[in-house]
Amino acid sequence: MSGASNLVAMKKIVQQLRFEASINRVKVSQAAADLQQFCMQNALQDPLLTGVSSSTNPFRPQKVCSFL
Amino acid sequence: MGELDVLKKEAETLKTQIETARKAVNDTTMEAASSGVAPAPRIQPKARRTLKGHTAKIYALYWALDNKLMVSGSQDGKLLVWDTHAGILANCVPLKSAWVMTVSFSPSAGLVASGGLDNMCTIVNISGEKPKTMRELDGHDGYVACSRFLSETSILTASGDQTCGLWDLETGKQKQSFLNHVGDCMCVALAEDQNTFISGACDSQAKLWDIRDGQCKQSFIGHTGDINAISYMPNGQAFITGSDDCTLRMFDMRADQEVMCYQNAQPTAGVTSLSLSLSGRLLFAGYDDFNCNIWDSLKGEKIGVLSGHDNRVSCTGIPSDGMCVSTGSWDSFLKIWN
């Protein structure tokens, strides 16, 4: 019995590996360039990166909210 | 050779084939490719809000799409919904099981989901006068470590039974199960088009899945410990994971491999949680050593720290407008920083 289920399990593993092996891969240099471009293009719209001015900061003034 | 031996040999051949194909496109590292990029500014966000209300360790938090409401879950057996702008408690949902590991909002924020050691994902409607339990999704054989809504009627779960599940909230039944991890599934993140998602597990692997047919499309190796947190880079082509092995790693899905490792000089604390800023440049990571480190995701350099918690940072989150980062801790407090 266990022999048969080992076979079934192994067939699934091989099937999965065949699938994963078959994909096309892009060069890391290309992936890196695309990622850098994305980060640069969106940098000015990233409030944590640019900083948030007091006038537009929804979290000013500072508050401690306590419900104890 | 018996059939089993033939298959084993083919498996080894395929694994070698995959490694060779990955090496063939590994023509540089992310770090080397980013050497010409100007360093990110050294930012020092301040704690703008401290939210006190839980009486035990906080395990999870989640921002609503309105960028104002945030829900937190604690082992004090409560979900607390905070109006973070006004600085007031908006709602309190008592849980049947105190052992909560995950919380999330539906897109409208009318529903909250929680899951944990009760092996269930519980859906509560909080849009009415009183919170009302709508569904108890029963079907996993292990704890529910993470849950994410696709819509008001569909939710994805990650479980300690080594599977992920897609559930129909109208029927309460599982529509699809995702089987391939050989360790507890700890975290998931949905692609923007919701056709695929990524998962991280205690088998140290991250996997990319097709939501509709349950097919595991890619497996990513590199970590040497449980993967506790996972998040897509905003360009949708890469993702970052955080692990008990004290590192975070970036994997690119088109290159099918790890492209960056974020590691402290003295790596002693596991990573519990992570969040990415809107452009993807800033990586906020919560650690067991009570800190939240800020990393430059492109250059792999540590550029800041959020310190202020008196115990492990268990969860982090950035709302969809990117205006702040929130941290939740075993010290029972939540903080909001910018």
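In the text below, chain A, chain B and the rest are named by the order of the sequence lines, each starting its count at 1.
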Hey, does the side chain of B:D27 reach the backbone of A:K27 with a donor-acceptor pair shorter than 3.5 angstrom?
-> no
Residue pair B:R49 / A:F59: nearest heavy atoms and the distance that separates them = NH1-O, 3.1 Å
Mind listing the closest non-hydrogen atom pair of B:A11 and A:M10 along with its distance?
-> CB-CE, 3.7 Å
Look only at the side chain of A:Q36 and the backbone of B:A33, and say whether a donor-acceptor pair between them is shorter than 3.5 Å.
-> yes
Option in B:Q237, B:M30, B:Q17, B:M260 with maximal non-hydrogen atom pairs under 4.5 Å from chain A = B:M30
Okay, B:L4 and chain A: the region with an atom under 4.5 Å from a heavy atom over there is both
Which value, rounded to the nearest 0.5 Å, describes the distance between B:L7 atom CG and A:K12 atom NZ?
-> 13.5 Å
Chain B contact via A:A21 - which portion, at a heavy-atom distance below 4.5 Å = both
How would you list, by chain and number, every residue that makes a side chain to side chain donor-acceptor pair (under 3.5 Å) with B:T20, sequence neighbours excluded?
-> none
A:L49 CG to B:L282 CG distance, which is reported to the nearest 0.5 Å = 5.0 Å
Full working for side chain to side chain donor-acceptor pair (under 3.5 Å) between A:N42 and B:S279 = CA-CA 5 Å; A:N42 291 281; B:S279 67; over 6 Å; no
Under 3.5 Å: donor-acceptor pair, side chain of A:R25, backbone of B:V25 | no
Heavy-atom distance under 4.5 Å to chain B: side chain of A:V14, backbone, both or neither?
-> both
Would you check if the side chain of A:Q16 reaches a backbone N or O of B:C216 as a donor-acceptor pair within less than 3.5 Å?
-> yes
Using non-hydrogen atoms and a 4.5 Å limit, figure out which bit of B:K8 sits close to chain A: side chain, backbone, both or neither.
-> both
Search all heavy atoms of B:G280 against all heavy atoms of A:C39 and return the closest pair with its distance.
-> C-SG, 4.1 Å
Which atoms of B:N180 come close to chain A, meaning under 4.5 Å heavy atom to heavy atom: side chain ones, backbone ones, both, or neither?
-> side chain
Flag the one option from B:I18, B:N235, B:L278 with the top tally of heavy-atom pairs under 4.5 Å to chain A.
-> B:N235
Report the option among B:D252, B:T13, B:L298 that has the most heavy-atom pairs separated by less than 4.5 Å from atoms of chain A.
-> B:L298
Find out whether A:L17 and B:E10 are in side-chain contact, i.e. whether some heavy atom of one side chain is under 4.5 Å from a heavy atom of the other.
-> no
Does A:S53 have any side chain to side chain contact (heavy atoms under 4.5 Å, CB included) partners at least two apart in sequence or in another chain, and if so, which?
-> A:S55, A:T56
Interface check, chain B: of A:I23, A:L44, A:I13, A:L35, most non-hydrogen pairs under 4.5 Å belong to A:L35
State whether the number of non-hydrogen atoms from other residues, nucleotides or ligands found under 6.0 Å of B:D213 atom CG is greater than 12.
-> yes
When rounded to the nearest 0.5 Å, the distance separating CD of B:Q218 from CZ of A:F19 is 9.0 Å
For B:I318, is it the side chain, the backbone, both, or neither that has a heavy atom closer than 4.5 Å to a heavy atom of chain A?
-> side chain
Taking every non-hydrogen atom, the tightest pair across B:R48 and A:R60 = NH1-NE, 3.2 Å
Roughly how far, to the nearest 0.5 Å, is CG of A:L48 from CE of B:M323?
-> 8.5 Å
